[in-house]
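Reading through the structure tokens given below for one structure.
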Amino acid sequence: MTDTDPDQALARLRRFASEIVTETELGKRLHSAADERQPLRVKFGIDPTFTDVHVGHAVPIRVLRLFQDLGHLPVLILGDATARLGDPTGRNEQRPALTEEQVEHNAATYLEQIGKVLDLAPGRCEVRRNSEWFTPMGFFGALRLLSRATIARMLERDDFQKRIEQRLPIHLHEMAYPVMQGWDSVEVRADVEIGGNDQLFNLHMGRLLQEREGQRAQVCLTTPLLLGTDGRKMSKTYGNHVALTDAAEQVYGKVMSLSDEGMADWFRLATDIGEEEAAALLAGHPREAKGRLAWELCRWIHDQEAADHAAAEFVRRFKKKELPSDIPAVEIAAGNYPLPNLLHQAGLCNSTSEARRLIKGGGVRLDGTVVADVAQQVEVGHGNAVLVQVGKRRFARVRPA
RNA sequence: GGGGAGAUACCGAAGUGGCCAAACGGAACGGACUGUAAAUCCGUUGGCUCAGCCUUCAGAGGUUCGAAUCCUCUUCUCCCCA
């Protein structure tokens, strides 16, 4: 335990909270934890359904980090059991089932990435997998657990409600999801659970189940959902996410294409910049503010050097409209190619048809000049690398293999 | 167990014998304008040896000169009744 004043701790946590159930209760627990020198057990669960953790996921993890810095104990739950089922939250269809191998692989990559935000050292953090208790539970154990929730309660969730209205299938096992997540809280005796604000229902389920088990119901702290590059909720499914595995240039570029409206949230949730400084930045030119934001994100996900480089590269490419300094080289068999085929072979387009369309649309440059002729022949021979550009972001130097 | 409706391209959704590679909308991509923002405007959106050809409308068969459209079976979903 650190000696941070509990009231101060609460104030710092509030920055990330969209809702706290209840704030009074959280305050009390922070106080009693300090008095008894007994860290709070702060739970956060993440299902290893994909290979990348993105910045949106990282928000609750940052809250976990904050709790950790305040001397509390994060309990990170890798939902290897729940991942195989799939969280129906916000879904209008069932998720595909994952195999055990996929889940294991994803779990490993998740831990590595989460380690960038949270100190995972034993003693500083507890990492659990929920297969630990769900596997031995057995069918009847599972039924006993499910008997604690009702259909009516589940139907309060509007994602289920919508699916019913739209006459989409809802499978029984999908209803099990919130109950499983709630049971995790019972198993780890969570004092607090963190989650995105779309998780509120699931977090409440944890309270309910804990009470039935005679435990003190956890405090729920939800964080606002970070919006992705297209203004929708950040999600891998939408492809609008900034991943913790993205290269610095990608991170910088993606952040720069955020909408202005979303910026304030990003400053608050994804950086450590203080409120006043953030307000000052936001009052200035949005481009400057966004540049700072992009730089901060790069520094966080990579390091300062990478951030500086990404910033310089960005200016070079989009302000001065120069070519990027590192254009990937692509080798293909030497020969004379019709332009569409060249683009396809070099991997810049998915098909020659797509290449033709882009050429007709004026989106293709050869050695810096727009080429609108579909029939253009390009010689790929010894010594002469051809600089090919498709749109604003796809570049390659094509040379013979 | 019985009855009814349905499965169309990335998604939503028209089409119900030839004029359908398939309306429309969303999304995406390219172009213009910019701050690689948003908004707006224009274009594109199955593949190819590209003014022509080839493969698509849940899957497998069938009818027909010709099928996304009709018939049979299969798989999946929704609704109603038991």
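Order of the sequence lines sets the chain letters (A, B, ...), proteins ahead of strands, with each chain counted from 1. What you see below is based on every heavy atom in this structure, not just the backbone, and it leaves out hydrogens, waters and symmetry mates.
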On a heavy-atom basis, which atom in Thr271(A) and which in Leu293(A) lie closest, and how many Å separate them?
CG2-CD1, 3.7 Å

Quickly work out the Asp265(A) CG to rA38(B) C1' distance and round it to whole Å.
16 Å

By salt bridge (Lys or Arg N to Asp or Glu O under 4.0 Å) - contacts of Arg153(A) (at least two apart):
Glu156(A)

Just jot down the salt bridge (Lys or Arg N to Asp or Glu O under 4.0 Å) partners of Arg356(A), sequence neighbours excluded, or say none.
none

Could you give the distance separating rU75(B) and rG43(B) at their P atoms, to the nearest angstrom?
47 Å

Answer for the Watson-Crick or wobble partner of rU49(B), both distances under 3.5 Å, is none

Expressed as a whole number of Å, how far does the P atom of rU77(B) sit from that of rA68(B)?
27 Å

Atom CZ of Arg356(A) and atom P of rC48(B): how far apart are they, to the nearest Å?
9 Å

Please state whether the phosphate of rC50(B), meaning OP1 or OP2, lies under 4.0 angstrom from any side-chain nitrogen or oxygen of Thr352(A).
no

Considering Watson-Crick and G-U wobble pairs with both distances under 3.5 Å, what does rG66(B) pair with?
none

So, using side-chain contact (heavy atoms from CB on, under 4.5 Å) as the criterion, who are the partners of Ala190(A) when residues are at least two apart?
Lys43(A), Ser185(A), Val188(A), Gln210(A), Gln218(A)

Indicate the ring-plane relationship of Phe67(A) and His72(A), choosing parallel, tilted or perpendicular according to the 30° and 60° boundaries.
perpendicular

Searching all strands shown, indicate the nucleotide that pairs with rA7(B) (Watson-Crick or G-U wobble; both distances under 3.5 Å).
rU75(B)

Nearest-Å distance, CD (Glu288(A)) to P (rA37(B))?
15 Å

Which residues pass the side-chain contact (heavy atoms from CB on, under 4.5 Å) test with Val219(A), not counting sequence neighbours?
Ile20(A), Glu25(A), Leu26(A), Arg29(A), Val192(A)

Looking only at atom P, what distance separates rG30(B) and rC71(B), rounded to whole Å?
45 Å

Between rG15(B) and rU49(B), how far apart are the P atoms? Round to whole Å, please.
36 Å

When rounded to the nearest Å, what value does the distance between P atoms of rC79(B) and rU69(B) take?
26 Å

Do nucleotides 29-36 of chain B as a string where each nucleotide becomes B, S or -: B if the base has a protein heavy atom under 4.0 Å, S if just the sugar-phosphate does, - if no protein is that close.
SSS---BB

Between rG46(B) (P) and Asn350(A) (CG): distance, integer Å:
13 Å

Distance in angstrom units between His344(A) NE2 and rU49(B) C1', rounded:
14 Å

Quiz question: going by heavy-atom distance under 3.5 Å, is there a donor-acceptor pair between the base of rC48(B) and the side chain of Ser351(A)?
no

Rounded to whole angstroms, how far apart are CG on Leu339(A) and P on rU49(B)?
13 Å

For Leu225(A), side-chain contact (heavy atoms from CB on, under 4.5 Å) partners two or more places apart:
Asn197(A), Asp198(A), Lys233(A)

Complementary nucleotide of rU55(B), counting Watson-Crick and G-U pairs under 3.5 Å:
none

cation_pi(Arg62(A), Trp300(A)) dist<6.0 Å, angle<=45:
yes

rC24(B) and rC76(B): how far apart are their P atoms, nearest whole angstrom?
35 Å

Residues touching RNA chain B, which here means a heavy atom under 4.0 Å, drawn from residues 292-307 of chain A
none

Using side-chain contact (heavy atoms from CB on, under 4.5 Å) as the criterion, list what pairs up with Ala333(A), not counting sequence neighbours.
Tyr337(A)

Please give the distance between the P atoms of rC70(B) and rC19(B) as a whole number of Å.
16 Å

Applying side-chain hydrogen bond (donor to acceptor under 3.5 Å, both in side chains), can you list everything that pairs with Asp265(A), at least two apart in sequence or on another chain?
Arg268(A)

Rounded off to whole Å, could you give me the CD1-to-C1' distance for the Ile359(A) and rG43(B) pair?
15 Å

Considering all heavy atoms of both residues, which atom of Asn106(A) and which atom of Pro48(A) are nearest to each other, and what is their separation?
ND2-O, 2.9 Å

Looking only at atom C1', what distance separates rU56(B) and rC20(B), rounded to whole Å?
11 Å

